[in-house]
Amino acid sequence: MPETVFTYGAPALKYGAGASDEIGHDLAQLGVRRVLVVTDPGVAATGHPQRVAELMTGFGIEAHVFDRARVEPTDLSMREAVAFARENGPWDAYVAVGGGSAIDTAKAVNLLTTNPGDLMDYVNAPVGGGASPTQPLRPLVAVPTTTGTGSESTTVCVLDVLDQHVKTGISHPRLRPTMAVVDPRLTLTQPPGVTACCGMDILCHALESWTARPYHSYERKRPEQRVPYCGANPIADMWSERAMGLLAGSFRQAVRDGEDETARGDMALAATFAGMGFGNAGVHIPHANAYPIAGRVKDFRPDGYPDAEPMVPHGMSVALTAPAAFRFTFEAAPERHVRAAELLGAGRLEEPPSDPRDLLPRVLTELMRDVGIPNGIAAVGYGEADIDDLVDGALKQQRLLATAPREPRAEDLAAIFADSVELW
Ligand SMILES: NC(=O)c1ccc[n+]([C@@H]2O[C@H](COP(=O)([O-])OP(=O)(O)OC[C@H]3O[C@@H](n4cnc5c(N)ncnc54)[C@H](O)[C@@H]3O)[C@@H](O)[C@H]2O)c1
Ligand SMILES: [Zn+2]
């Protein structure tokens, strides 16, 4: 029996320059008196979180800032944030000011100060216990300062589980923020390297949800079996398409000139739109491949990020195999791949490839080169000898691979990684 139902969920949204000045008013309407603001040290240095906290006091709210969220959080860093919140609570609400790292940390803090148990009880099985929260969470206002993850609209919280060397997540509708406050002014200070990685994340969210396996191609689910990621559907498609149009116009410019408020505004909208799309449709092969690329990092240190430890930032790790992944998925829906390339400006290519299968990969590699993404997985430290290990890691992301329009076997993933060693 084929599926006939799809779902759509999204937080309340406030968008625009100055939107982050009004959070105190919005929370006071909910009777909130005591708030924990969650951020990371880099974002704290911009002064945005402190300013958001101070503005809340004008509405009779006591606000404290926790500024030790880790960039690309781990189970350890999330436990530290949870311990701080448990010791210094109770809190009526949480406000996350930062990128995906701060927002995801706040989701974990919210979950574990309202529900019993340990972080690992809730992490997706088989890595963790896969439990669902039994108690409602507190209001969480997410204020993104990067233009990327869309975490402000999703039900997902991503973390590195250190002793298992695997990146995974917690996924449940109750994790979705109550309200997303997207204030493009807060994104102006993103370094160019962060803007480039985050922009590639937006692009892959839009492309992967636009090309995802359609919702009606699955078996009919019972109500209790429904998952937030339900496959491509007309509503998610609309958000993904619009996100691609905005990226085509403003991505390169936002990296070139971070002070360009129009480009920054477009990128903030694109991130939000893509979040509303992929947050319901899902993502697939590039994101599944990204987990081992980021999780098994050796000694790569990207520009614009803290350099204390090696890392391959999320958006970069997603982008590196995207051209080859979309060459592989092409045959599942050629018209969608061609249309995506057109939305991203394929018409401006000087020498378009003759095979339509190569069109989207070409558009992607030209964009990656222009915004300064490394030239393939070799440039971040992986060679042919690592491919089996990377495939192993990607195959563990079954929740994501289930959304792929064409199911990849181990040898297909190996071919995708091999094609991604060097991109141009
Ligand atoms: N929950 C989801 O739905 C979801 C989706 C995709 C990715 N993620 C996760 O989100 C994390 C990545 O988040 P991200 O890409 O938004 O970046 P991030 O939060 O890791 O921040 C990247 C860097 O930019 C700095 N920074 C952020 N905003 C800044 C600003 N306005 N000015 C100056 N510096 C700024 C931070 O201090 C940090 O050093 C990863 O852990 C990834 O796995 C989550
Ligand atoms: Zn992503």
Side-chain angles (χ1 to χ4, degrees), residues 40 42-43 46 71-72 98-102 144-151 158 184 186-208 243-275 278 283 286-287 289-290 293-294 297 300-307 310-326 344-345 348 360-381 420 422-424:
D40 71 70
V43 176
T46 65
V71 177
E72 310 264 336
S101 297
T145 62
T146 59
T147 42
T149 68
S151 179
V158 183
L186 306 189
T187 72
L188 292 171
T189 47
Q190 278 174 106
V194 171
T195 308
C197 291
C198 290
M200 288 310 300
D201 194 24
I202 308 178
L203 180 50
C204 290
H205 291 158
L207 280 172
E208 289 171 55
M244 287 187 253
L246 287 164
L247 288 164
S250 292
F251 187 5
R252 287 178 172 87
Q253 176 60 12
V255 175
R256 219 170 14 233
D257 177 10
E259 302 283 315
D260 182 330
E261 294 198 22
T262 308
R264 290 293 200 186
D266 283 354
M267 294 299 283
L269 261 190
T272 307
F273 285 10
F278 94 88
V283 285
H287 268 75
N289 291 348
I293 293 175
V297 62
F300 183 74
R301 285 180 167 77
D303 287 344
Y305 287 79
D307 60 5
M311 68 184 293
V312 185
H314 173 73
M316 184 186 288
S317 62
V318 172
L320 291 171
T321 65
F326 290 115
L344 292 169
R348 297 198 292 266
L360 183 54
R362 253 294 282 292
V363 170
L364 282 172
T365 48
E366 298 228 336
L367 187 56
M368 288 163 71
R369 206 182 44 201
D370 290 354
V371 299
I373 298 291
N375 181 9
I377 59 174
V380 301
S420 308
E422 193 179 279
L423 294 170
W424 57 82

Does any N or O in the side chain of [X] come within less than 3.5 Å of the main-chain N or O of [Y], such that one atom is a donor and the other an acceptor?
X      : Y      : value
Asn375 : Leu423 : yes
Ser250 : Leu247 : no
Arg264 : Pro184 : no

Which heavy atom of Thr146 sits nearest to which heavy atom of Gln190, and what is that distance?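 The pair with the smallest heavy-atom distance is CA-OE1, 3.2 Å.
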Parallel, tilted or perpendicular, as decided by the 30° and 60° cut-offs, for the rings of His205 and His314: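 Rings of His314 and His205: tilted, 30 to 60°.
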Pair Met244-Leu207, side-chain contact (heavy atoms from CB on, under 4.5 Å): steps then yes or no: CA-CA 8 Å; Met244 287 187 253; Leu207 280 172; 3.8 Å; yes
Does atom CG of Asp303 have more than 12 heavy-atom neighbours from other groups under 6.0 Å away?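 No.
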Once rounded to the nearest 0.5 Å, what's the spacing between atom [atom1] of [X] and atom [atom2] of [Y]?
X      : Y      : atom1 : atom2 : answer
Leu203 : Met368 : CG    : CE    : 9.5 Å
Glu422 : Thr365 : CD    : OG1   : 12.0 Å
Asp201 : Ser151 : CG    : OG    : 10.0 Å

Within the structure provided, determine whether [X] and [Y] are in side-chain contact (heavy-atom separation under 4.5 Å).
X      : Y      : result
Leu320 : Ile373 : yes
Phe300 : Met316 : yes
Phe251 : Met200 : yes

